[in-house]
> 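Mind having a look at this structure? Questions to follow.
Here the structure is a predicted model, which is why all the values come from computation and not from measurement. When reading the values below, keep in mind they use all heavy atoms of this one structure, side chains included, and skip hydrogens, waters and symmetry mates. Heads up: numbering here begins at 1 and tracks the sequence. Start at 1 and go down the list; that is how both ligands and their atoms are numbered.
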Amino acid sequence: MKLPYAEPYKIKMVETIKRSTVEQRKKWIKEAHYNLFNLSSDKVYIDLLTDSGTGAMSDKQWGALMEGDESYAGSQSFLKLKEVVNKITGFKFFLPTHQGRAAENVLFSVLVKEGDIVPGNSHFDTTKGHIEFRKATALDCTIDEAFDTENLHPFKGNIDIDKLQKVIDKNPIEKIPFVIITITNNSSGGQPVSMENIKAVSKLCRSYKIPVLFDSARFAENAYFIKIRENGYQNKTIKEIAKELFSYGDGMTMSSKKDGLVNMGGFIALNDEEVYKKATVFNIMFEGFITYGGMSGRDMAALAVGLDEATEFEYLESRIRQVTHLGNKLIEFGVPVQHPIGGHAIFIDANKFVPTIPRDEYRAQALAIELYIVGGIRGVEIGTVLADRDPFTRKNRYPELELVRLAIPRRTYTHNHMEYIAAALKNIFDSRSEAKSGYTIIDEAPIMRHFTVKFEKI
Ligand SMILES: *Cc1c(COP(=O)(O)O)cnc(C)c1O
């Protein structure tokens, strides 16, 4: 008998999670105004709201924590982290920040001005928020294949070079401060970007002297997909692939809460000394002195180890296999999901799952609520609620996809948890024709409304 795949780790510490009943959850979600962000975590059984900062650290990371150097200036933990970042990314300059959006805030304070245009592949919500906050425009140039959830394109995170060329042709070059490549492409399904595409974007941008930045939260997962899906990379290590990938860009922002394998942190790394110098001023103002930038010494120490672990094939294989297993189980049950299965999450296609709920009644949100009620599982809507209103017309923006994202925390849940999630979704899927109405918004913030929006059941 062929031995099945099994995880390359065992468990050293466990954390109790609370079960509850359908009746309890119906009451709790109503009290939370049908916003899953409003639920206290003890009311959630399996928390798939995000894979951001929710993973488990290794024994080596916990060990490193004890060795953290809390010196205000010149911390040894900073120096160690800087060395690891340089080794993995190749970028010369490095600034720690307290998380990914802080890295965006600091770097965009230098680079983005009113009226600017920032092309990219489905900008992440905070990235878009930081661009629009500066009265600039984030232009999505993702390939069309990404919006067809059944298309099996292996690199659906790719940028459409023709779309990018058109943006460059139509606008003065000085209005385009940089192009941002999100690896992996979170909003359109945790989908990777190919090395070939990164090279092509880089070549085009370099011919116009437009810098290329990476929004690198899941760069290691992206490198894994390049290794297993792209010709010529099978025999390269994840670290070699990551280094090559970053060599086609000029800088990066990082949310260390993803592929840094820590619970909090972020950073900026780049090659341009002038930009770095300007960014240090904003870093000191917003984040902290340049050798800690909002991070404790111990957290920088754990991050240095985490970055090294996250760029090892064994770890990535178990990570992606767990997500793929859940995805395949759902496909087996007929549940419409984004294909191919992405790196960090399963994306359920609510347009196909519950077409009976009108779009202006937030069908993906309605599905996420139902999954909570049925299984105590917390996912998140990536659809009309997240897409927010147009900043000028204040009308709802209806994105092409209405998705429910089930983000899988790293090294946290077991195989049995995946089976439980799949079964809960199957039960909802089997009774889906009964779903006719959704929700209406009764209160919302002017920007990034999804965190605090309140709903009422129709
Ligand atoms: C999480 C994330 C961010 C923002 O990082 P935070 O650490 O949550 O502030 C930016 N871009 C992408 C692609 C992300 O996944």
Side-chain angles (χ1 to χ4, degrees), residues 37 47-55 85 95-109 111-112 118 120-133 138 140 142 146 156-159 178-193 198 212-223 225 245-246 249 251-269 283 286-288 293-296 299-300 302-303 306-307 310 319 323 342-345 347 379-380 382 386 403 405-410 447-448 450-451:
F37 285 97
D47 205 347
L48 309 181
L49 183 74
T50 175
D51 62 323
S52 179
T54 52
V85 169
L95 278 175
T97 63
H98 81 276
Q99 58 183 95
R101 69 199 66 186
E104 291 164 358
N105 187 32
V106 168
L107 192 57
F108 295 2
S109 291
L111 299 175
V112 181
V118 182
N121 52 341
S122 311
H123 309 63
F124 184 67
D125 56 351
T126 61
T127 317
K128 195 182 198 136
H130 274 296
I131 292 168
E132 291 180 350
F133 179 72
D140 188 3
T142 310
K156 287 168 97 171
N158 281 359
I159 288 191
F178 55 87
V179 169
I180 190 152
I181 311 178
T182 306
I183 48 176
T184 57
N185 186 337
N186 189 344
S187 316
S188 88
Q191 301 291 331
V193 181
I198 291 169
V212 173
L213 298 184
F214 292 101
D215 180 355
S216 330
R218 297 177 187 80
F219 76 94
E221 291 173 6
N222 201 103
F225 284 117
L245 173 166
F246 286 122
M252 64 187 283
T253 54
M254 176 71 185
S255 168
S256 306
K257 304 168 73 170
K258 313 328 185 333
D259 281 351
L261 297 180
V262 291
N263 304 113
M264 192 54 70
F267 62 83
I268 296 165
N283 215 58
F286 297 149
E287 295 296 298
M295 291 187 76
S296 305
D299 288 343
M300 291 191 283
L303 174 57
L307 283 169
R319 158 78 175 149
V323 177
H344 66 291
F347 291 75
V380 69
I382 302 213
L386 180 73
L403 303 167
R405 184 185 75 177
L406 306 178
I408 314 297
R410 294 166 180 80
I447 195 164
M448 287 197 248
H450 56 286
F451 291 122

> For R218 and ligand 1, answer yes if some heavy atom of the residue is under 4.0 Å from a ligand atom, otherwise no.
yes
> Show the atoms of ligand 1 that are less than 4.0 angstrom away from any heavy atom in G100.
5 (O), 6 (P), 7 (O), 9 (O)
> Are K258 and F124 in a cation-pi contact, defined as NZ or CZ under 6.0 Å from the six-membered ring centre and within 45° of the axis?
yes
> Taking only heavy atoms of E104, which atoms of ligand 1 are found under 4.0 Å from at least one of them?
10 (C), 11 (N)
> Check this for me - ligand 1, A102, N or O atoms closer than 3.5 angstrom, yes or no?
no
> Please report which non-hydrogen protein atom sits nearest to atom 8 (O) of ligand 1, along with the residue it belongs to and the distance in Å to one decimal place.
R101 NH2, 3.0 Å
> One residue to check: K257. Relative to ligand 1, which of side chain, backbone, both or neither has a non-hydrogen atom less than 4.0 Å away?
side chain
> When the ring planes of F219 and F246 are compared, do they come out parallel, tilted or perpendicular, using 30° and 60° as the limits?
tilted
> Taking all non-hydrogen atoms of both residues, which atom of L213 and which atom of M252 are closest, and how far apart?
CD2-N, 4.4 Å
> Under 4.5 Å between any side-chain heavy atoms of Q191 and T142, yes or no?
no
> Hey, can you tell me if F178 and F108 have their rings parallel, tilted or perpendicular (30° and 60° cut-offs)?
tilted
> To which protein heavy atom is atom 11 (N) of ligand 1 closest, and what is the distance rounded to 0.1 Å?
D215 OD2, 2.7 Å
> Report yes if some heavy atom in the side chain of N222 is under 4.5 Å from a heavy atom in the side chain of V193; otherwise report no.
yes
> Report the nearest protein non-hydrogen atom to atom 14 (C) of ligand 1: residue, atom name, distance rounded to 0.1 Å.
K258 NZ, 2.9 Å
> Does CZ in F286 sit with more than 12 non-hydrogen atoms of other residues, nucleotides or ligands closer than 6.0 Å?
yes
> Looking at T126, which atoms of ligand 1 are within less than 4.0 Å of one of its heavy atoms?
3 (C), 4 (C), 10 (C)
> Using a 4.0 Å cut-off to any heavy atom of T182, which atoms of ligand 1 qualify?
13 (C)
